[in-house]
Enquirer: 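Starting off with a structure, shown below.
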Amino acid sequence: MSKPSIPQGTRDFTPAEVRRRQYIFGTLRRIFELYGFEPIETPAMENLVTLTGKYGEEGDRLIFKVLNNGLHAQSDEVKGKMTAEWQKMLEKPYSTPAITERALRYDLTIPFARYMVMHQNDTALPFRRYQMQPVWRADRPQKGRYREFWQCDADVIGSTSLINEAELLCIYSEAFHQLQVPVKIKLNSRKVLAGLAELCGVPDKLTELTIALDKLDKIGWDGVLNELQQRNIPVEHVQRISDILDNTQTGNNYTRLNVLKDFFVGSATGLEGLEEISKTLHYFHSLTAGKDLKPNIDIDITLARGLNYYTGVIVEVVCDSDKVKMGSIGGGGRYDDLTGLFGLKGVSGVGVSFGIDRIYDVMEELGVFPTNVVQSANVLVANFGGEEETYALHIVQRLREAGICAEVYPDASKFDKQMKFANKKGFSFVVLPGSEERKEKKVSLKNFVSGSQSLVTIEEAIAVITA
RNA sequence: GAGGCUGUAGCUCAGUUGGUUAGAGCAUCAGAUUGUGGUUCUGAGGGUCGAGGGUUCGAGACCCUUCAGCCUCCCCA
């Protein structure tokens, strides 16, 4: 028999892993709720047309498509058409509802936009929603990259106020503070990037410029210039960016903003972007005044963000620790007209996403999971068979009524086997309801950490266990 | 889509310029120990050496093909 396996880039989770993941989910959920966000869920599958064209060319390629059912049951006439369509799919990137009508969710933002359009009449705006569900991408898996992974998104839709941006920054700060992950939150605006493109005389090359610029810390300035040349962007104007960067490496966010404003006098769009960043920071500091958060927020005009529906402030979170090498663990931004893609115009939204699988990996490497999150049943009731078995069932029920996590060993196996099981599973206590104990209506309670044992009533046992 | 590395027991891995019956640790099961776990000791089970082909008297090892996994680039959470 061949060994079983799971698809590339997917994972099983053991009980200990699920508990640690739930610790992250729980932390985020509490914060989202505290900030007034409400949960929604959407299907794992969307209609393919809902997703295509929303994530750029590369994104389209990475959408997991679902093959239609019943392809064999079509009439000959339909089959002839499908064969032609299939031939096209073999030749170039192409998809058709005749063969793949549905696809797995690629992120949580586009499905949310679709949700908003469909539920616009029964949703009060501004609407704050959070969503924690898996997404799928047909990417090549590698470190920190999976084909199935979970996102936790919080979005505010139906308000253009920058208070929303500031609150989302608060949520980031609060969440990573509670999870004990040191982070740097990079802040930028699509309008600043557009301004840069204007100043460099290539307003139509915004995407190419930003993608190259985004790699600055990886490939250096020379690498960026190289990249730009390959994309047919005249390098001489771009030198301007280098000057700006040189003058904004130091100082706090406010002094840097002032320097940037001087550089951007020629670009109304750029100045608008800087003003947004400035106001966002202002609101953020009002919201966090006196709080014990140490958010490391950094204006970074090289931050690009891949998703091309962003229009305003954009943000990205990276782990700020020498111990951990990991890409971004969260990101987000404002999208002025996302629902417009589905026919609902004039509704602006802003959102952030937590990449919880990467956050998990980072927390594992940092060793910041609380030890008590890995907790299973607390008490094992041994099984001596016969009359004692009935007594054991009575005992385990009494323990559960007292709110104690307890399980009874289901077979009257050899005693040492039951003890080894208890040891391996890490119970705190083992209750021994043997014949001697039953006669006295008592149990032997063994503390499995210390090894000590005493003969007590059930009430006494409950008191000791819950102490 | 491009490149690199690795596939040997359930897991982590040894395996000499190609040489007789492929090993270890961990894990599992049994016993030492039938109402007392962790430690220890003894024993057992477990392998088409990823798959297919080739070279050779002889291949786990060398060559080709293929599949899978990991990593890097691209891109992203």
Side-chain angles (χ1 to χ4, degrees), chain A residues 1-11 14 24 55-63 92-93 105-109 132-153 183 207 210-212 214-215 218-219 223 227 230 303-308 315-319 325-332 351-362 380 382-385 388 409 412-438 443-453 455:
Chain A
M1 191 166 65
S2 64
K3 287 182 194 174
S5 64
I6 55 176
Q8 185 183 39
T10 66
R11 296 152 298 158
T14 62
I24 300 175
Y55 307 109
E57 203 180 315
E58 180 76 4
D60 278 357
R61 216 165 55 81
L62 300 180
I63 293 171
K92 59 173 186 182
R105 171 169 69 213
Y106 179 89
D107 73 352
L108 300 181
T109 307
M132 306 197 290
Q133 290 190 277
V135 302
W136 294 268
R137 295 185 190 176
D139 211 348
R140 286 288 286 272
Q142 50 184 277
K143 187 179 168 67
R145 178 176 305 188
Y146 308 98
R147 284 187 156 180
E148 178 184 65
F149 62 99
W150 285 62
Q151 290 190 330
C152 300
D153 278 29
V183 293
T207 309
T210 54
I211 286 176
D214 192 46
K215 296 177 192 165
K218 235 183 199 173
I219 60 180
E227 187 107 358
Q230 279 170 17
L303 170 65
R305 298 285 305 149
L307 300 173
N308 57 9
V315 59
E316 182 168 279
V317 183
V318 294
C319 178
K325 267 187 132 178
M326 181 65 79
S328 69
I329 55 178
V352 293
S353 180
F354 291 80
I356 89 108
D357 300 83
R358 284 187 176 179
I359 292 170
Y360 181 100
D361 290 348
V362 166
L380 178 71
N383 184 342
F384 293 100
E388 279 68 61
Y409 199 88
S413 305
K414 278 206 309 197
F415 190 63
D416 108 293
K417 186 173 178 179
Q418 298 190 33
M419 293 296 272
K420 281 181 174 163
F421 172 77
N423 186 60
K424 188 164 185 180
K425 230 186 135 184
F427 287 95
S428 311
F429 293 93
V430 174
V431 168
L432 311 177
S435 55
E436 296 300 315
E437 287 89 343
R438 185 167 63 88
V443 295
S444 289
L445 177 67
K446 185 178 177 70
N447 181 319
F448 230 65
V449 180
S450 68
S452 63
Q453 186 173 322
L455 187 65

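In the text below, chain A, chain B and the rest are named by the order of the sequence lines, each starting its count at 1. Remember, predicted model here, so these are calculated numbers, not experimental data.
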Enquirer: Go through the N and O atoms of the side chain of A/K446 and the base of B/U36, and report whether any donor-acceptor pair is under 3.5 Å.
Expert: yes
Enquirer: A/E437 near the nucleic acid: base, sugar-phosphate alone, or nothing, with a heavy-atom cut-off under 4.0 Å?
Expert: base
Enquirer: Please check this pair: side chain of A/D214 against backbone of A/A304, looking for a donor-acceptor N/O pair closer than 3.5 Å.
Expert: yes
Enquirer: How far, in whole Å, is B/U65 from B/A2 if one measures between their P atoms?
Expert: 15 Å
Enquirer: Using both distances under 3.5 Å as the test, list the Watson-Crick or G-U wobble partner of B/G23, or none.
Expert: B/C13
Enquirer: Indicate, with a heavy-atom threshold strictly under 4.0 Å, whether A/G434 touches base, sugar-phosphate, or nothing.
Expert: base
Enquirer: To the nearest Å, how far apart are A/F415 CZ and B/U33 P?
Expert: 17 Å
Enquirer: OP1 or OP2 of B/U39 sitting under 4.0 Å from any side-chain N/O of A/K420?
Expert: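 So the side-chain polar atoms of A/K420 never come under 4.0 Å of the phosphate oxygens OP1 or OP2 of B/U39.
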Enquirer: Select from A/Y146 and A/F384 the residue whose nearest nucleotide in RNA chain B is closer to the 5' end of that strand.
Expert: A/F384
Enquirer: Any base atoms under 4.0 Å from A/F448, or only sugar-phosphate, or nothing? Heavy atoms, all strands.
Expert: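 Touches a base.
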Enquirer: Could you give the CD1-to-C1' distance, from A/I359 to B/A77, as a whole number of Å?
Expert: 9 Å
Enquirer: Taking only the side-chain nitrogens and oxygens of A/Q142, find out if one of them lies under 4.0 Å from OP1 or OP2 of B/U72.
Expert: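 Checking B/U72 against A/Q142, a side-chain N or O does come within under 4.0 Å of OP1 or OP2.
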Enquirer: Counting side-chain heavy atoms from CB outward, which of B/G1, B/G69, B/G35 is closest to A/R61?
Expert: B/G1
Enquirer: Whole Å only: how far is the CG atom of A/D214 from the P atom of B/C73?
Expert: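 The answer, rounded to whole Å, is 13 Å.
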Enquirer: Ring of A/F149, cation from A/R137 - is the NZ or CZ under 6.0 Å from the centre and inside 45° of the axis?
Expert: no
Enquirer: Can you tell me the Watson-Crick or wobble partner of B/A30, both distances under 3.5 angstrom?
Expert: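 Base-paired to B/U42.
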Enquirer: What is the separation between atom CZ on A/R140 and atom C1' on B/A77, rounded to the nearest whole Å?
Expert: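 My rounded result for the distance is 19 Å.
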Enquirer: Would you call the rings of A/F384 and A/F415 parallel, tilted or perpendicular, where under 30° means parallel and over 60° means perpendicular?
Expert: parallel
Enquirer: Any carboxylate oxygen within less than 4.0 angstrom of a Lys/Arg side-chain nitrogen, looking at A/D357 and A/R145?
Expert: no
Enquirer: Looking across every strand, which nucleic acid part, if any, lies under 4.0 Å from A/L432 by heavy atom: base, sugar-phosphate, or nothing?
Expert: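 Result for A/L432 = base.
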Enquirer: Mind checking the P distance from B/G10 to B/U28? Whole angstroms is fine.
Expert: 15 Å
Enquirer: If I take atom CG in residue A/D361 and atom P in nucleotide B/C71, what distance separates them, rounded to the nearest angstrom?
Expert: 10 Å
Enquirer: Can a side-chain donor-acceptor contact be found between A/N447 and A/S452 if the only test is distance below 3.5 angstrom?
Expert: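 A/S452 vs A/N447: no donor-acceptor pair found between side chains.
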Enquirer: So does A/S413 get a backbone contact from the side chain of A/Q418, meaning a donor-acceptor N/O pair under 3.5 Å?
Expert: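 Confirmed, A/Q418 side chain pairs with A/S413 backbone.
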Enquirer: Which whole number of Å gives the distance between the P atom of B/G4 and that of B/C64?
Expert: 13 Å
Enquirer: Does any donor-acceptor pair link the side chain of A/R145 with the base of B/C75 at a separation under 3.5 Å?
Expert: yes
Enquirer: Which listed nucleotide (B/A77, B/C71, B/G35) is nearest to the side chain of A/S435?
Expert: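 The nucleotide sitting nearest to the side chain is B/G35.
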Enquirer: For A/S328, report the nucleic acid contact type (base, sugar-phosphate, nothing); a contact means any heavy atom under 4.0 Å.
Expert: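 Contact class for A/S328: sugar-phosphate only.
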Enquirer: Using whole Å, report how far CD of A/E58 lies from P of B/C75.
Expert: 8 Å
Enquirer: Classify the nucleic acid contact of A/G59 as base, sugar-phosphate or nothing, counting any heavy atom under 4.0 Å across all strands shown.
Expert: nothing
Enquirer: Using the P atom on both, measure B/G3 against B/U12 and round to a whole Å.
Expert: 28 Å
Enquirer: Can you find an N or O donor on one side and an acceptor on the other, under 3.5 Å apart, linking the side chain of A/Q418 with the base of B/U36?
Expert: no
Enquirer: Provide the Watson-Crick or G-U wobble partner of B/C62, both distances under 3.5 Å; none if there is no partner.
Expert: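 With both distances under 3.5 Å, B/C62 matches B/G54.
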Enquirer: Can you tell me, in whole Å, how much space there is between the P of B/G46 and that of B/G53?
Expert: 26 Å
Enquirer: Among the nucleotides B/G38, B/C70, B/C76, which one has an atom lying closest to any side-chain atom of A/N423?
Expert: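 Looking only at side-chain atoms, A/N423 lies closest to B/G38.
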Enquirer: Return the stacking result for B/A77 and A/F354: yes when the ring centres lie under 5.5 Å apart and the planes under 30°, no otherwise.
Expert: no
Enquirer: Determine which nucleotide pairs with B/C70, using a 3.5 Å limit on both distances of a Watson-Crick or G-U wobble pair.
Expert: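 Pairing partner: B/G4.
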Enquirer: Could you work out the separation of B/A32 and B/G38 based on their P atoms and round it to a whole Å?
Expert: 14 Å
Enquirer: Nearest to the side chain of A/D139 - B/C75, B/C76, B/G1?
Expert: B/C75
Enquirer: Report the residue (A/E436 or A/K424) whose heavy-atom-nearest nucleotide on RNA chain B is the more 5′ of the two.
Expert: A/K424
Enquirer: So if I take every side-chain heavy atom of A/K414 and compare against B/C75, B/A77, B/G31, which nucleotide ends up nearest?
Expert: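 Nearest listed nucleotide: B/G31.
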Enquirer: Tell me: CZ of A/F421 to P of B/C29, nearest whole Å?
Expert: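 Computing the A/F421:CZ to B/C29:P distance gives 12 Å.
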Enquirer: Could you state the atom-to-atom distance from NZ of A/K417 to C1' of B/C29 in whole Å?
Expert: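 For the pair A/K417 NZ and B/C29 C1', the rounded distance is 9 Å.
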Enquirer: Are the side chain of A/K446 and the backbone of A/G451 linked by a donor-acceptor contact shorter than 3.5 Å?
Expert: yes
Enquirer: Please report the distance separating the C1' of B/U55 from the corresponding atom of B/G1, rounded so that it comes out in whole Å.
Expert: 35 Å
Enquirer: May I ask you to say what A/Q151 touches in the nucleic acid, namely base, sugar-phosphate or nothing, with a heavy-atom cut-off under 4.0 Å?
Expert: sugar-phosphate
Enquirer: Expressed in whole Å, how much space separates the C1' atoms belonging to B/U6 and B/G60?
Expert: 15 Å
Enquirer: A/P141 and side-chain contact (heavy atoms from CB on, under 4.5 Å): which single residue from A/R147, A/R11, A/E148 fits?
Expert: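 Single pass found, and it is A/R147.
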